[in-house]
2 protein chains.
Amino acid sequence: MLELKNLPHKTIERLSQYRRALLICLEKGQTHIYSHEIARIQHITAVQVRRDLMLIGYTGTLRKGYNVKELIDLIGEIIDSQEGINVAIIGMGNLGRALINYFSGKRSHLKIVASFDINPDKIGNTMSGVPCFSTEDMEKVIREKNIRVGIMTVPADFATQTAEALVQAGIRGILNYTPKPVNVPKEVYLEEYDMITSLEKVAFYVKINEDKK
Amino acid sequence: MLELKNLPHKTIERLSQYRRALLICLEKGQTHIYSHEIARIQHITAVQVRRDLMLIGYTGTLRKGYNVKELIDLIGEIIDSQEGINVAIIGMGNLGRALINYFSGKRSHLKIVASFDINPDKIGNTMSGVPCFSTEDMEKVIREKNIRVGIMTVPADFATQTAEALVQAGIRGILNYTPKPVNVPKEVYLEEYDMITSLEKVAFYVKINEDKK
DNA sequence: TTAACAATGTGAAAATAATAACAAAAAAAC
DNA sequence: GTTTTTTTGTTATTATTTTCACATTGTTAA
């Protein structure tokens with residue numbers, strides 16, 4: 001059987017991206033797509049696409065390319081959890097709200113079912129169908145709603161305690177958007193992303209490009 | 001001379017992160033730090049830290065570690081642009097606002113000097129000191145204010161045209177937060193980040209971990 | 001003084017990821 | 001019906017990134 005565990009991390013990321021491109025193609029009524037078409041959309045090479053698809057065991061049709069619908073379904077089988085995964089957003093600031101709007105209804109297997117905040121004005125409200133609870137009730141709500149992934153969008157000063165509370169509540173994965181790295185036990189999958197780093201990276205390469213001339 | 005061009009991309013990202021950790025140490029009055037301390041904060045190995053510092057030519061003191069202040073300054077010399085870089089945010093939705101709050105006053109060499117939107121209610125306002133202009137005036141403002149980096153936080157449907165307009169205005173780097181990949185000429189540095197991909201990746205590894213048991 | 005320790009710095013090796021090269025075969029062109 | 005073209009699938013190669021292993025050397029402690 002296909003060993004999902006051994007798929008390169010980068011391949012996982014690209015599969016998610018291929019699927020999104022493919023969903024757009026499907027909407028447009030396109031039934032087949034060539035590796036080089038996917039590649040052009042994603043700014044990568046066609047070989048890379050074919051290799052990724054090879055790794056997941058998908059076979060296209062020579063000279064016709066890949067069946068859009070089939071490939072979407074296969075990627076879903078690979079990366080999605082069969083029973084779906086419930087997600088919570090912790091911190092209903094601008095970033096938390098951006099994420100809720102952004103995700104709402106986008107992926108059926110990933111459902112944002114709760115948000116948390118400490119601001120009493122926000123608690124009890126609903127946004128894009130997602131109810132906001134008090135951070136104090138986090139453990140209770142996470143267990144009741146079977147929430148397995150938490151997205152942290154709290155201020156940096158609350159990062160540590162939020163991560164601890166999530167772990168305490170039995171969370172299985174954390175996506176940390178605060179600029180402060182957090183520690184979790186190894187059975188919790190942690191992905192950190194820091195916007196300042198991305199911006200500084202862009203600025204660095206802009207500088208380098210200018211020096212070059 | 002040190003060849004900045006040849007620093008691995010990953011090293012650049014980590015340097016930005018080391019600096020942030022170091023700034024916190026500096027605030028706390030810590031004068032020296034060991035490689036394994038930096039490593040623990042960033043969830044990486046001490047060897048990785050030492051290797052990165054070796055690449056930028058920084059030498060610590062045996063058994064005392066690295067001088068926090070010196071290292072912060074050196075990282076600044078490496079990744080910052082001497083004359084500073086002006087940045088614009090295009091799209092004043094939740095994400096755009098989150099970024100403005102997030103960055104404001106954080107890095108002196110990276111200044112967000114303008115934001116753009118199509119909503120007349122937002123145009124003319126100022127947020128965290130950043131004035132909002134009409135998207136129609138983008139080229140003019142970007143040239144006048146010497147903006148070199150643009151952060152795209154517009155809805156996906158506007159991604160393509162926004163990127164084209166930025167390129168047209170002579171931008172040198174783009175950080176694209178829309179879920180739609182864009183095309184730019186090779187002299188413009190492009191960094192794309194997609195929140196759905198990150199969330200799907202977390203969900204995937206959560207699934208894998210659970211299957212394992 | 002000298003042995004043990006704890007840290008840095010780095011060449012070599014391993015792991016991971018991307019690219020090149022090309023065989024195979026369906027479709028199109030002649 | 002044969003040749004050319006186009007596209008997939010895959011092996012081999014190269015490039016990048018991380019880790020290992022260990023020499024080196026201040027510092028501490030016996």
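Below, read A as the first sequence line, B as the second, and so on, with proteins coming before strands; counting in each chain starts at 1.
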Rounded off to whole Å, could you give me the CD-to-C1' distance for the A:Gln42 and C:dA18 pair? 16 Å
Return the value, rounded to whole Å, for the distance between atom CG of A:Leu7 and atom P of C:dA17. 11 Å
Pairs satisfying salt bridge (charged side-chain N to carboxylate O under 4.0 Å, His left out), at least one member in residues 179-193 of chain B, at least two apart: A:Lys201-B:Glu191
A:Arg148/A:Glu83 ion pair, N-O < 4.0 Å: yes
Length of the line joining B:Ile33:CD1 and C:dT8:C1', which is rounded to integer Å: 15 Å
So which of residues 192-203 of chain A are in contact with DNA chain C, with a heavy-atom cut-off of under 4.0 Å? none
D:dG9 C1' sits how many Å from A:Ile56 CD1, rounded? 14 Å
Could you give all pairs that pass the side-chain hydrogen bond (donor to acceptor under 3.5 Å, both in side chains) test and reach residues 24-38 of chain A, with sequence neighbours left out? A:Ser35-A:Arg50
Short heteroatom pairs, N/O only, protein and nucleotides 21-26 of chain C, under 3.5 Å:
none

Please figure out whether A:Ile44 or B:Leu53 has its closest DNA chain C nucleotide nearer the 5' end. B:Leu53
Tell me whether the OP1 or OP2 atom of C:dG9 has a side-chain N or O from B:Thr59 closer than 4.0 Å. yes
Provide, to the nearest angstrom, the distance between the CG atom belonging to B:Leu55 and the C1' atom belonging to C:dT10. 11 Å
Would you mind reading off the distance between A:Asp52 atom CG and C:dT19 atom C1', rounded to a whole angstrom? 13 Å
Once the angle between the rings of B:Tyr189 and B:His9 is folded into 0 to 90°, is it parallel (under 30°), tilted (30 to 60°) or perpendicular (over 60°)? tilted
For B:Asp52 and B:Tyr18, which I'm curious about, is there any donor-acceptor pair between the side chains at under 3.5 Å? yes
SB check B:Asp73 B:Arg19 (cutoff 4.0 Å): no
Check every atom of C:dT10, C:dA7, D:dT19 against the side chain of B:Thr45 and return the nucleotide holding the closest atom. D:dT19
Touch class at under 4.0 angstrom, heavy-atom based, for A:Ser35 against every strand present: sugar-phosphate
Spacing between B:Glu13 atom CD and D:dT16 atom P, to the nearest angstrom: 16 Å
Partners passing side-chain hydrogen bond (donor to acceptor under 3.5 Å, both in side chains) against A:Gln17 (at least two apart in sequence or in another chain): B:Thr197
Rounding to an integer number of Å, can you tell me how far B:His43 NE2 sits from D:dT18 P? 15 Å
Given D:dT19, is OP1 or OP2 found less than 4.0 Å from the side-chain N or O atoms of B:Gln48? yes
Is there any ring pair (Phe, Tyr, Trp, His ring centres under 6.0 Å) pair reaching into residues 141-165 of chain A, and which pairs are they, with sequence neighbours excluded? none
Short side-chain N/O contact to C:dG9 OP1/OP2 from B:Tyr66, under 4.0 Å: yes
Between B:Asn86 and B:Lys145, is there a donor-acceptor pair closer than 3.5 Å when you use the side chain of the first and the backbone of the second? yes
Base D:dT17 to side chain B:Arg51, donor-acceptor N/O within 3.5 Å cut-off: no
Do you see a donor-acceptor pair shorter than 3.5 Å between the side chains of A:Thr61 and A:Tyr66? no
